[in-house]
J.: 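First the structure, then my questions, so here it is.
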Amino acid sequence: MLSYLKDIFETVVTIFEGLSITFSHLVRRPMTIQYPDRIDRPVQETLPKRYRGHLEVDMEICTNCKACERECPITCIAITDSEEPDKKRWMTQFDIDLAKCMYCGICSEVCPTGSIRHSQEFEGACYNPAAMTRHFVLDSPVAPFKPAKGGETDTELAKKVETGKEFMDLFAQPER
């Protein structure tokens, strides 16, 4: 009988210990921050430069070399091109399946122009995995970019090529 009363007493003490912890959290200031409403600056600003977010492709400087498609270890990149009668390759479709992508960065490392790179975007949650495929829409077949030997003369393309080179240089350097 004595052990029975001792067990009841321990049960009551344990319940009050647990409730004291619970009630102490009721009067404390909350630790959670309501995202994205109440943060002092955008999360993208806090990410490092080498952050591997969603992939983005600059179709204007893509050479259609398919190096990214060949090197992707899980084949999440699909590039379709068509053969014209004059034997030129024209890119008709560029798809990236972000549901399969493991964000390894190999595709961006092998790109000779830096046209495929990781963005700072990370919010891509959705209920349907099929919605995570990015179709880079090509209204008509696009001729692949052919870099000029003496440097790019078109100012718009020169800016994009420089951005791609900066991106490639950033990922080529070892992280400190």
J.: Specify the closest pair of heavy atoms between Ile116 and Ser108, including all atoms of both residues, with the distance to one decimal.
T.: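 Smallest interatomic distance, heavy atoms only, reads O-CB, 3.3 Å.
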
J.: Using a side-chain heavy atom cutoff under 4.5 Å and only I, L, V, M, F, W and Y, what cluster partners does Val27 have?
T.: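 Taking Ile, Leu, Val, Met, Phe, Trp and Tyr as members, Val27 stands alone, with no cluster partners.
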
J.: In the hydrophobic clustering (ILVMFWY, side-chain contacts below 4.5 Å, transitive), which residues join Phe23, or is it alone?
T.: Ile15, Leu19, Leu26

J.: Taking it one step at a time, do Gln93 and Ile79 satisfy side-chain contact (heavy atoms from CB on, under 4.5 Å)?
T.: CA-CA 6 Å; Gln93 189 173 2; Ile79 301 172; over 6 Å; no

J.: Find the distance between CD (Glu71) and SG (Cys104) and round it off to the nearest 0.5 Å.
T.: 10.0 Å

J.: Enter the distance from Leu47:CG to Glu121:CD here, rounded to the nearest 0.5 Å.
T.: 11.5 Å

J.: Using a 4.5 Å cut-off on heavy atoms from C-beta on, say whether the side chain of Met91 contacts that of Met59.
T.: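 Side-chain contact under 4.5 Å: yes.
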
J.: How close do Glu123 and His54 get, heavy atom to heavy atom, and via which atoms?
T.: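 Closest approach of Glu123 to His54, heavy atoms only: C-NE2, 4.0 Å.
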
J.: Which atoms form the tightest heavy-atom contact between Gly114 and Arg117, and what is the distance?
T.: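 For Gly114 and Arg117, the tightest heavy-atom pair comes out as O-NH1, 2.7 Å.
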
J.: Can you confirm whether Thr75 sits close enough to Lys100 that some side-chain heavy atom of one is under 4.5 Å from a side-chain heavy atom of the other?
T.: yes

J.: About how many Å separate CD of Glu17 and CD of Glu10, when rounded to the nearest 0.5 Å?
T.: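 Answer for the CD-CD pair, Glu10 versus Glu17, is 10.0 Å.
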
J.: Would you call Ile106 and Pro73 a side-chain contact if the rule is heavy atoms closer than 4.5 Å?
T.: yes

J.: For Ser119 versus Glu56, what's the shortest heavy-atom pair and its separation?
T.: CB-OE1, 3.6 Å

J.: Consider only side-chain heavy atoms of I, L, V, M, F, W and Y, link residues closer than 4.5 Å, and tell whether Tyr51 and Val43 are in one cluster.
T.: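 In one cluster: yes.
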
J.: Measure the shortest side-chain to side-chain distance between Lys66 and Asn64 over non-hydrogen atoms and say whether it is less than 4.5 angstrom.
T.: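 They are in contact (side-chain heavy atoms under 4.5 Å apart), so the answer is yes.
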
J.: With rounding to the nearest 0.5 Å, note down the distance linking SG in Cys107 to CZ in Arg70.
T.: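 Here the rounded value is 13.0 Å.
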
J.: Supply the atom-to-atom distance Cys72 SG to Ile96 CD1, rounded to the nearest 0.5 angstrom.
T.: 9.0 Å

J.: Could you check if a side-chain atom of Ile77 sits within less than 4.5 angstrom of a side-chain atom of Asp95, using non-hydrogen atoms only?
T.: no

J.: Show which residues join Phe9 in its hydrophobic cluster (side-chain heavy-atom contacts under 4.5 Å, direct or indirect), or state none.
T.: Val13

J.: How far apart are the closest heavy atoms of Thr113 and Ile61, and which atoms are they?
T.: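 Smallest heavy-atom distance, with atoms named: OG1-O, 2.9 Å.
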
J.: A side-chain contact here means heavy atoms from C-beta on lying under 4.5 Å apart; do Leu55 and Cys101 qualify?
T.: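 Leu55 vs Cys101: side chains touch.
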
J.: Can you tell if the side chain of Val110 reaches within under 4.5 Å of the side chain of Cys65, non-hydrogen atoms only?
T.: no

J.: Closest heavy-atom contact between Cys62 and Phe94?
T.: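 Scanning both residues completely, I find the closest heavy atoms to be SG-CE1, 4.3 Å.
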
